[in-house]
Amino acid sequence: MATVLRQSAKLTFSGLCSSFSVQCRNGRACAMPYVHHRYNSTTPKIKVDLDSTSGIAVMKFQSPPVNSLSLDFLTEFAISMEKLEMDKSCRGVILTSAQPKVFSAGLDIMEMYGKSPEHASVFWKAVQEMWLKLYGSNMVTIAAINGSSPAGGCLMSLSCDYRIMADNPRYSIGLNETLLGIVAPFWFKDTMLNVVGHRETEKALQLGLLYSSPDALKVGLVDQLVPEEKILSAATETMTKWLAIPEHARQITKSMMRKPTLDKLTSNRENDIKYFANFITKDSIQKSLGMYLAMLKKRKA
Amino acid sequence: MATVLRQSAKLTFSGLCSSFSVQCRNGRACAMPYVHHRYNSTTPKIKVDLDSTSGIAVMKFQSPPVNSLSLDFLTEFAISMEKLEMDKSCRGVILTSAQPKVFSAGLDIMEMYGKSPEHASVFWKAVQEMWLKLYGSNMVTIAAINGSSPAGGCLMSLSCDYRIMADNPRYSIGLNETLLGIVAPFWFKDTMLNVVGHRETEKALQLGLLYSSPDALKVGLVDQLVPEEKILSAATETMTKWLAIPEHARQITKSMMRKPTLDKLTSNRENDIKYFANFITKDSIQKSLGMYLAMLKKRKA
Amino acid sequence: MATVLRQSAKLTFSGLCSSFSVQCRNGRACAMPYVHHRYNSTTPKIKVDLDSTSGIAVMKFQSPPVNSLSLDFLTEFAISMEKLEMDKSCRGVILTSAQPKVFSAGLDIMEMYGKSPEHASVFWKAVQEMWLKLYGSNMVTIAAINGSSPAGGCLMSLSCDYRIMADNPRYSIGLNETLLGIVAPFWFKDTMLNVVGHRETEKALQLGLLYSSPDALKVGLVDQLVPEEKILSAATETMTKWLAIPEHARQITKSMMRKPTLDKLTSNRENDIKYFANFITKDSIQKSLGMYLAMLKKRKA
């Protein structure tokens, strides 16, 4: 199945299209309607560089065109995180993108469109696994958000300990699932709530809000803006400060803050998978996704 | 009893009197000590205009002098909400006031003063019903707060999805129950907490704080200030944006955000009613209310 | 044992040393590495002045050099609070320091270093008692923070109803336990979370952040900055406003806001004590504390 998927269109759950532009805070239509038909399955989708001296690993997403979170990408991500977590020489991870203008455009729609409930289940389990590994990591995790980061890309950012975004108002970030007729699951919601609080989350999720980088900073969705060319050095600098903290105490503290949120999913994974598989294979939802795909293709043409 | 009530003084739970002016953030004494003795019971207390084209209903409170939340008002409100909720052509509701300078001055004290525990129970059930219908509405709800909005008026505003307030610093808003010796119930508290967070809520409820409109904007109690004459057009404009969101996903998202808060009351309604009926009929509380009424009458005279 | 302790070095859990200066937001190294060897055990550690006319008590910490929270201090504090709580003429308490430059430097390390699990248990019970009495007080409590207030000193401040800090950027405040390899317990965390929310708490506790007074104001860790010489008059002025609120309603409201947080500890005190006694007597933690003490002594020399 993975092979089939790799050869199919790479379409992404970004919800950035003009028909929904009313939700764009800055009033601009968004520009990521990529439809990509060729893909080299042998290239790793994530490049991991670990500097054993500093203890800092950089995970660079290199899954063209927009780092969509396909089953393959998610599997590779989970394996990479697990390896780093076990590696005593690694203490911090920086997530960033090798693709221009986009950090990650979110869940790969092609994993959800026209697929069986079984496939949807396998895919959703991988999405859960990505979040559990990242939100529950013992390492220091920093998102160096050097491009737009809608939906699943935003979730990955929110799951890190610190978020630095490129100071470019054309880049946006947010959990915009609602715009596609999809509902952000409760643990997406909880992750956002833990960052920006109840009110901002309620408004953002109801509207599927995408925040421009300055707006994201204003509401606390990201911690810092830096010029795009300085984003990795800024992330490394911040990482160095975090790694100077007594490690064991920091890890226990992080776990104390995040465990209740993680437990809500771990104690409920099967139901969450069933709910997703059932929801996403509904005719009405498939129809929404189909219309969205058609619109993306039309924009491309 | 309702007839008797209609003919009795219309006194409102607003707590805006000068003896408590210390809690007014802007230092000004408040100006709503209305004591009104005549009332035409045949006029509806709420005027509902539904535009089936846009799907937007406007509910205009027209219960002179200060839209106090009497049993009749609350019953009418619940019925109107239920009708709109069932009406497929209605997708959003704007709440606003036809009375000058006041959105709603809150719970009608005359429903609580000198009344039997049975009456207090019936009244409180209606207050609960108003909140359950409004906070749990599937429709988009916007408060166009064109005047002061203390206590129960503030609760109604907080229960909407979005709050636009007239940009007039003489209008104030807040859960000021404490100033009357009354305690805001846990679900008033939860509703505020979901909007402005724990710290602001703790301070505001302990002090019975009334915020001037600029202060309300600052702490996030309202989302937007506009000149008073533009409040309905601004509300309509915002509503149009909200109604452009895929409806089913928005509704599920809203429910996901609010259900835990709603459940706390629905699973506990009877106890909450008993607690209120017992509390409000206590001698000490009746004495407080009596003193407050006397003070209002004196101010009027 | 208390006698032995009194004669031992007074060292404090402040974590303000230069080796951790990376966590100081303002980049300055901190300056409270006191090692004090003489102490007069007959002087009360807290001076309580109650003005029966106003109903306001001032509790002045006078335990040189840095008001460290020793077992004796905490016991005295709990007894004083209990007396005031029972005293009908007292309705509000202002906490402040008689020592220059420091409000309280937090838990006394000498109560935790080289001590038996039994001593650690007794000590921790006293720390719990301090918090339960202060966070759960029926009185209005205001912290007049006239100096730095790390760790346990910050907890005391956060447990009050209102925080006024001296407007001196050299004074800092924060739960910086992580810097010493210690983990702030869940109820320290909950207390902070109730003031500044989840995100700021997660970041602050992971990093052991100490905020300069302007930064503390910015994130809401304190409510107000005033020139140091005006701190008591400002606290008294604020207290007067709070005492004008109908008392019974204010107390019930405060309890409604804080009871869930208090209950989490009261229903779990024994486990929390066991956990602490076990944690603090671990070799690795004792080694951390030993290194910290050695560093403080060296700085002093």
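Residue numbers begin at 1 in each chain, while the letters A, B, ... track the order of the sequences.
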Any sub-3.5 Å donor-acceptor pair from [X]'s side-chain atoms to [Y]'s backbone N or O?
| X | Y | result |
| --- | --- | --- |
| C:Ser148 | C:Ser172 | yes |
| B:Glu202 | C:Lys254 | no |
| C:Asn176 | C:Leu179 | no |

Problem - Neighbourhood of chain B inside residues 188-197 of chain C, taking heavy atoms under 4.5 Å as contact - result: C:Asn194, C:Val195
Problem - Segment of B:Ser284 engaging chain C (4.5 angstrom heavy-atom cut-off) - result: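 B:Ser284 has no heavy atom closer than 4.5 Å to chain C.
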Problem - Any residue meeting side-chain hydrogen bond (donor to acceptor under 3.5 Å, both in side chains) with B:Asp283, in chain and number order, not counting sequence neighbours - result: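 B:Asp283 satisfies side-chain hydrogen bond (donor to acceptor under 3.5 Å, both in side chains) with no other residue.
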Exercise for the section: State, without any angle test, whether C:Glu200 and C:Tyr211 hold a side-chain donor-acceptor pair at a distance under 3.5 Å. Expected result: yes
Practice task
Mind running side-chain hydrogen bond (donor to acceptor under 3.5 Å, both in side chains) on C:Ser137 and C:Glu85 for me, showing each step along the way?
Solution key: CA-CA 7 Å; C:Ser137 174; C:Glu85 202 82 53; 3.0 Å; yes
